[in-house]
Amino acid sequence: MSNAWDSLARTRDKPWPARREDLSNALAAYRTNPLARRIVNLTRDHVWGRGIRPLSKNKIVQRWLDRFWDHELNYMDERMPVWIDALTLDGELFPTFHFNEVDGMTFLRAIPAIQIKAIEWKSNDYEQITRFGQEVPGQVELQWWPAVTQADPKESSMWQYAINRVLGAVRGGGDLDPALPWLAYYSDWLEDRVERNAVLSKFYYDVTVENVADVADAQKRYASPPADGTVVVHSAAEKHDIKKPPIAADDAKADGLALRLMIASGGNVPIHWLSDPGEGNSEATAAQMNDVSYRHYATRQAFVRRRIKSLCTLAYQRAAAAGAVRLFNDPQSAASVSDITSDDNQKLANAARTIAEALAKMIEAGLDTDHRLVRLIYKFAGEDLDEADIAEIVAKAKARAPAPVSAPAPEPS
């Protein structure tokens, strides 16, 4: 069985030369192609938004998380947007964990994916990675990093987060990978159009004189071409004409639109986000196209949110194992995120208010015995709460609820 696992993982990944070429091309496109830069920036702006912050219900763990997140060797609010760009471009992220002997803090760095040439895993499961082989410039042998799950708490170690990873593969794939050929085609096509239009703007004067003897005089008079707006007076025997290159620059608008559509599809963005509304696209069509992209960003944001939780948990466990913080078996860690779209808050607030009003009478009547209605309210409000959270909210609500007022006793007749 171990051989089957190993064979599956090794055959589903791209060969390293092809993978390395994709990583190099994606970086080059990001640096030189405005469309590639925009696709990456759109992903970061929607996923990161106004920021993501680690949270914990445990006050001791929360204080440590705040110190870890804002530590001068980490500054995670500045580091995470760059890591989200790396995920978009490379399809994987390789954070490294380091122990600070001075204050017992774990600080983080990351190695570019193009330097990670080899990954090894347990013989019976390719998802349980044991170590990573890094290509160091100027060094022949690989530098091996132990996986953070295998390393000593004070030992420098590495981990991997990957997106667009097909089943059975170990390496991820960048969001730009399917769009890279079309980005190159579009750049070549656009450059060709610019050069062709530049040639079309060129011309020269053709002056015809009736007598051969007058040629020398005409050449002398027109040694310097007339400036714009100049009045030239000549006899009827002398004819002036302007010659332009006979290049048939046909309308290539459809070709450019087709290329941009391929780029937009590969980059998971609607065409009108790439500075082109598209022919025949109505407001309703544009809204539907936006919704597809928003779902993609919401999925990616959920991925980043879970990985931030994982990252903080690993860092906390290392610090606790080294004695730098009190150890709790369940640190109760989570991560807060901002909305994908600007009108999410208003929509969620309206939905929460509407359903709360509709279900209030049912709750007052004692029909919500299993807290199902409370869960529905928070679901429509966009909050993903577990059973413990729901129970805590209900208990606090009951504690704050006013005591029922008994009806006054009837007066004796």
Side-chain angles (χ1 to χ4, degrees), residues 9-45 47-48 79-97 108-121 126-127 129 131-145 147-148 157-188 262-269 296-297 299-300 303-304 307 311:
R10 294 189 185 280
T11 56
R12 297 287 285 177
D13 277 303
K14 277 187 175 182
W16 175 242
R19 174 75 180 127
R20 186 183 182 90
E21 183 179 3
D22 285 344
L23 292 169
S24 299
N25 291 340
L27 180 59
Y30 174 78
R31 286 176 169 170
T32 61
N33 192 299
L35 294 181
R37 178 70 65 90
R38 180 164 176 77
I39 290 172
V40 174
N41 289 349
L42 283 170
T43 303
R44 182 219 309 142
D45 293 342
V47 171
W48 180 250
R79 195 175 301 277
M80 282 306 304
V82 179
W83 286 10
I84 293 173
D85 287 351
L87 270 175
T88 305
L89 281 173
D90 301 338
E92 50 192 348
L93 182 70
F94 294 93
T96 58
F97 298 75
L108 303 177
R109 297 295 181 264
I111 304 297
I114 198 170
Q115 292 186 15
I116 307 302
K117 183 178 180 180
I119 299 179
E120 293 186 353
W121 53 86
Y126 66 90
E127 292 188 4
I129 299 174
R131 62 175 188 163
F132 305 86
Q134 177 191 2
E135 280 187 324
V136 179
Q139 184 174 313
V140 178
E141 298 294 331
L142 295 179
Q143 177 179 333
W144 289 96
W145 293 74
V148 66
S157 55
M158 181 182 291
W159 198 233
Q160 179 205 30
Y161 300 125
I163 60 173
N164 302 324
R165 181 166 49 186
V166 299
L167 180 63
V170 177
R171 306 300 296 261
D175 285 348
L176 291 182
D177 286 1
L180 285 175
W182 304 103
L183 285 166
Y185 293 150
Y186 186 75
S187 295
D188 294 341
M262 292 297 292
I263 295 171
S265 299
N268 300 300
V269 298
H296 164 71
Y297 292 135
T299 302
R300 181 61 53 79
F303 175 90
V304 172
R307 295 314 178 269
L311 198 72

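Numbers for residues simply follow the sequence, beginning at 1.
A29 approaches A36 most closely through the heavy-atom pair O-CB, 3.5 Å. I129 and Y126 make their closest contact through CG1-O, 4.2 Å (heavy atoms, listed as atom of the first residue, atom of the second, distance). When all heavy atoms are compared, the tightest approach of P181 to P178 is CD-O, 3.7 Å. Between A113 and W16, the shortest heavy-atom distance links the atoms O-CH2, 4.0 Å. Considering every non-hydrogen atom in both A162 and F303, the closest pair reads O-CZ, 3.3 Å.
The CD1 atom of I84 lies 9.5 Å from the OG1 atom of T43; values are rounded to the nearest 0.5 Å. Note that CG of L108 and CG of L311 are 5.0 Å apart. Values are rounded to the nearest 0.5 Å. Considering CG of L27 and CG of D22, their distance stands at 12.5 Å, rounded to 0.5 Å. Here the straight-line distance linking atom CD1 of I116 with atom CG of L93 works out to 10.5 Å at 0.5 Å rounding. In this structure, the separation between CG on L87 and CZ on R307 is 9.5 Å, given to the nearest 0.5 Å.
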Item to check | Trace of the side chain to side chain contact (heavy atoms under 4.5 Å, CB included) decision for Y297 with L42 | outcome: CA-CA 9 Å; Y297 292 135; L42 283 170; 3.5 Å; yes
Item to check | Criterion side chain to side chain contact (heavy atoms under 4.5 Å, CB included) on R19 and D177, from CA distance to verdict | outcome: CA-CA 10 Å; R19 174 75 180 127; D177 286 1; 4.0 Å; yes
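For A26, the side-chain contact (heavy atoms from CB on, under 4.5 Å) partners are L89, L180, not counting sequence neighbours. The side-chain contact (heavy atoms from CB on, under 4.5 Å) check on A28 picks up nothing, with sequence neighbours excluded. With sequence neighbours excluded, the residues forming a side-chain contact (heavy atoms from CB on, under 4.5 Å) with R109 are L73, N74, R79, T96, H98, F107, listed by chain and number. Under the rule for a side-chain contact (heavy atoms from CB on, under 4.5 Å), the partners of N41 that lie at least two apart in sequence or sit in another chain are Y30, R37, R44, D45. Listed by chain and number, the residues in a side chain to side chain donor-acceptor pair (under 3.5 Å) with T88 amount to none (sequence neighbours excluded).
Here the side chain of Q160 pairs a donor or acceptor atom with the backbone of V170 at under 3.5 angstrom. A donor-acceptor contact shorter than 3.5 Å links the side chain of D13 to the backbone of R171.
Looking at N164 and D175, their side chains come closer than 4.5 Å, going by heavy atoms from C-beta outward.
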Enumerate donor-acceptor pairs with a distance under 3.5 Å from any side-chain N or O in residues 131-141 to protein atoms, sequence neighbours excluded.
unit_1, atom_1, unit_2, atom_2, d
R131, NE, E120, OE1, 2.8
Q134, OE1, W145, NE1, 2.8
Q134, NE2, Q115, OE1, 2.7
E135, OE1, R20, NH1, 2.9
Q139, NE2, E141, O, 3.1

